[in-house]
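One structure is given here, and the rest of the page talks about it.
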Amino acid sequence: MERQTSYWTIRTLDQESEQAIQQAAALWKEQELIAFPTETVYGLGADATKEGAVAKIFEAKGRPADNPLIVHVADVNQIADYVKQVPPIAQKLMDAFMPGPITLILRSNDKLARNVTAGLDTIGIRVPDHPIARELLRAANLPIAAPSANTSGKPSPTSAIHVYHDLYGKIAGIVDGGLTGVGVESTVVDCTGNIPVILRPGGITQEEIEKITGVLTIGSTMEKQVEKPKAPGMKYNHYEPDVPLWLVEGDEAFFQTEINRLSKEGLKVGVMASEELLAKLHVANPKSCGSLEDLTTIAAHLYDTLRSFKAEEIDIILSETFPKEGIGQAVMNRLEKAASATTKSSC
Ligand code: TXA
Ligand code: MG
């Protein structure tokens, strides 16, 4: 059944927006769901201390109950309230990257609702670096459990319009803070062992983390097929656009051959690529997702571009594959999960 969803638009934090912040935070205290902007993607938040409130997140998103949620707090010093201890390596990462697009997995002290962590003895916790998110968290004065604010399995929302599309009528409110910045989710780093492990690449790059930690392991959960992933969310279908997506591995001549071949089969082909590659292709439905000169632009536009093909009734999206360096690692991790196939040049 449809419910009423409040919608607040905030572009600058001032007296007027303060009212919206207070209203949204009050709804969190009443165990309602509020979607809000972070520097990575929009989150769908609920009071992490209340099982009933957290259960609504799983219901609204259609999220499997064994996939734990990240807890968001306003300030780094609040992390200690919800974990058994902060190991020295975690402290280093906190000092270097928080607030910012990183989530640390630490041993939980079981103060939060059990369904937040899906029964695990660890907790994922992060301090978002977004003025509206932090203002909301401060106003509520609560730890807020928040997955990305999309229907489970779909690309994460980088604008309030995406959230509206997926969740309007299912949640109590949406705080529209404009476009998010980073565009891919936070890097999830497991700090419960001797060596930190990246369970999900994201806004803070492996290279940046290695500079702080020296050694680092890349979790097997980053692979598509694993039997027992450590970040349980990584085993589900993810980021799938409504239109089938194929990754194209090869040079521009091969890309063009694939466009022509599929078009001849009668398919309306959409292409997602860098402006550099698009300049070399002949295609009816091109979408630039940024520049190879700066992979952060690709990350920032990735999900919006993936979502945009549906409105144009495209039958199949062909996407460029990007270098797996810096934030390109997170971009390719998401694209590989979103794609139904990869087409490769045989030469
Ligand atoms: O940037 C982000 O991280 C966004 C914004 C809203 O903060 N949130 C986000 O949440 O991406 P979600 O639920 O879409 O992804 C959380 C990931 C999942 O893969 C989940 O399995 C993993 O983090 N995770 C959460 N708690 C965990 C835990 N205790 N141990 C291992 N993995 C955990
Ligand atoms: Mg998500």
Side-chain angles (χ1 to χ4, degrees), residues 33-46 48 54 57-58 60-73 82-84 97-110 112 114-130 132-134 136-137 143-158 162-163 166-167 175 177 180-193 197-204 219 221-222 226 228-240 299 303 330 333-334 337-338:
L33 302 185
I34 299 291
F36 64 107
T38 81
E39 80 280 30
T40 56
V41 300
Y42 275 74
L44 178 61
V54 172
I57 294 181
F58 288 92
K61 276 184 63 103
R63 181 176 174 107
D66 67 349
N67 190 3
L69 306 174
I70 294 172
V71 175
H72 298 62
V73 291
Y82 305 108
V83 301
K84 279 199 176 130
F97 302 119
M98 287 189 174
I102 190 165
T103 296
L104 301 186
I105 306 296
L106 298 165
R107 298 246 171 252
S108 161
N109 65 5
D110 300 327
L112 297 176
R114 276 196 70 73
N115 50 352
V116 170
T117 58
L120 296 177
D121 60 0
T122 57
I123 177 176
I125 197 151
R126 97 174 189 92
V127 184
D129 185 15
H130 190 292
I132 296 175
R134 297 189 79 189
L136 279 165
L137 291 168
I144 295 294
S148 48
N150 50 284
T151 301
S152 201
K154 293 292 161 202
S156 297
T158 51
H162 301 157
V163 181
D166 283 13
L167 296 172
V175 179
T180 61
V182 179
V184 289
E185 301 84 342
S186 62
T187 308
V188 178
V189 186
D190 183 353
C191 294
T192 59
V197 182
I198 294 188
L199 300 181
R200 178 180 73 179
I204 302 286
T221 50
M222 282 169 55
V226 281
K228 261 202 161 177
K230 202 147 185 226
M234 305 307 272
K235 74 182 174 207
Y236 295 107
N237 281 353
H238 259 87
Y239 321 111
E240 275 178 17
Y303 291 139
N333 170 272
R334 307 307 191 267
K337 284 175 189 297

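Atoms within each ligand, like the ligands themselves, are counted from 1 in listed order.
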Within reach of ligand 1, part of Arg63 (heavy-atom separation under 4.0 Å): side chain
Among Ala35, Ala146, Ala133, closest by any non-hydrogen atom to atom 8 (N) of ligand 1: Ala146
Geometric class of the Tyr303/Tyr239 ring pair [parallel <30°, tilted 30-60°, perpendicular >60°]: parallel
Geometric N/O contact Lys61 with ligand 1, under 3.5 angstrom: no
Given Ile144, Leu137, Val127, the one that forms side chain to side chain contact (heavy atoms under 4.5 Å, CB included) with Val73: Val127
Tyr42, any N or O under 3.5 Å of ligand 1 N or O: no
Under-4.0 Å heavy-atom contact with ligand 1, by part of Thr122 that carries it: both
Exam field: side chain Lys61 to backbone Asn150, donor-acceptor pair closer than 3.5 Å: yes
Thr40-ligand 1 polar pair, N/O distance under 3.5 Å: yes
Thr40 side chain to Ser186 side chain, donor-acceptor N/O pair below 3.5 angstrom: no
Ligand-residue contact atoms, ligand 1 with Ile123, heavy atoms, under 4.0 Å: 29 (N)
Residue Ser152, metal the Mg ion (ligand 2), N/O/S under 2.8 Å: no
Ion pair Arg126/Glu185, N-O distance below 4.0 Å: no
Nearest option to atom 24 (N) of ligand 1, as decided by whichever heavy atom of Pro68, Gly124, Gly43 sits closest: Pro68
Region of Asn67 engaging ligand 1 - heavy atom pairs below 4.0 Å: side chain
